[in-house]
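To start, the structure under review is shown below, and the notes come after it.
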Amino acid sequence: MIERTLSIIKPDAVAEGHTGDILADLEKAGFKILALRMTRLSQAQAEGFYAVHRERPFFPSLVKFMTEGPIVVMALECENAIARLRELMGATNPANAVEGCIRKRFATSIERNCIHGSDSPETAAVELRYCFSTLDLL
Ligand code: GDP
C-alpha cells in the first residue's frame, strides 16, 4: 500500500552536516519527497508536535533539543512508507540500533537521535497536517 509519512532531520544532524547524507539514504531507499522545508521550531511548536510525550520526564529536554537549531521537515511517500522509514531509522536509542541504519550512523544518544519518523498511519496523518498544508504536497 502506498503511504505517506512525516520525517524530520533533527537539529543535531542538520548542525553536524548530515542533511545531504540522510536525504540520499531516503531517496536511495525509494522514498519520494512530496514536500521539504527547513525551519526552526518555536517552543510552542515543539511542545505541540511532541504533545503525546508531555508527561514523560524527558519532555522539557526533548523540547529544548528540538528548538536548538534548524530542522528539515519532509513529507515522504512510498510503499509501506511508515514501517519502511522506521526500519531505515533504526531503534530510538542508537546503542540498540542495527548496523547501517540512519540512527546507528548519525545519532549520538537516545535523545539526539538525528531523525524522526511517524509511528503509525494515525500519527502520520496528524503530523503531516501539523507541518504541511495540502497545497504543499506535490
Ligand atoms: P521515536 O518514535 O523512535 O522517535 O521515539 P519516541 O516517540 O519514543 O520518542 C520521541 C523522541 O523523544 C525520541 O526520538 C528521542 O529524541 C526522545 N526520547 C525518547 N526516549 C527518550 C529518553 O528516554 N530520554 C531522552 N532524553 N529522550 C528520549
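Numbers here are sequence positions counted from 1. In what follows, every heavy atom counts, from backbone to side chain, and hydrogens, waters and symmetry copies are set aside. We count ligands from 1, going down the list as the structure has it; atoms in each ligand are counted the same way.
- Put simply, the side chain of Glu77 never gets that close to the backbone of Lys32: no donor and acceptor are under 3.5 Å apart.
- With Val72 as reference, Ile9 is the one residue of Thr39, Ile22, Ile9, Ile115 to meet the side chain to side chain contact (heavy atoms under 4.5 Å, CB included) rule.
- Between Asp25 and Arg105, at least one side-chain nitrogen of the basic residue sits less than 4.0 Å from a carboxylate oxygen of the acidic one, meeting the salt-bridge criterion.
- Around atom CZ of Arg54, no more than 12 heavy atoms belonging to other residues, nucleotides or ligands sit under 6.0 Å away.
- No more than 12 heavy atoms of other residues, nucleotides or ligands sit less than 6.0 Å from atom CD of Gln43.
- Protein residues having a heavy atom under 4.0 Å from any atom of ligand 1 are Lys10, Tyr50, His53, Phe58, Leu62, Arg86, Thr92, Arg103, Ile110, Glu111, Asn113, listed by chain and number.
- A salt bridge does not link Glu111 with Lys10: none of the charged nitrogens is closer than 4.0 Å to a carboxylate oxygen.
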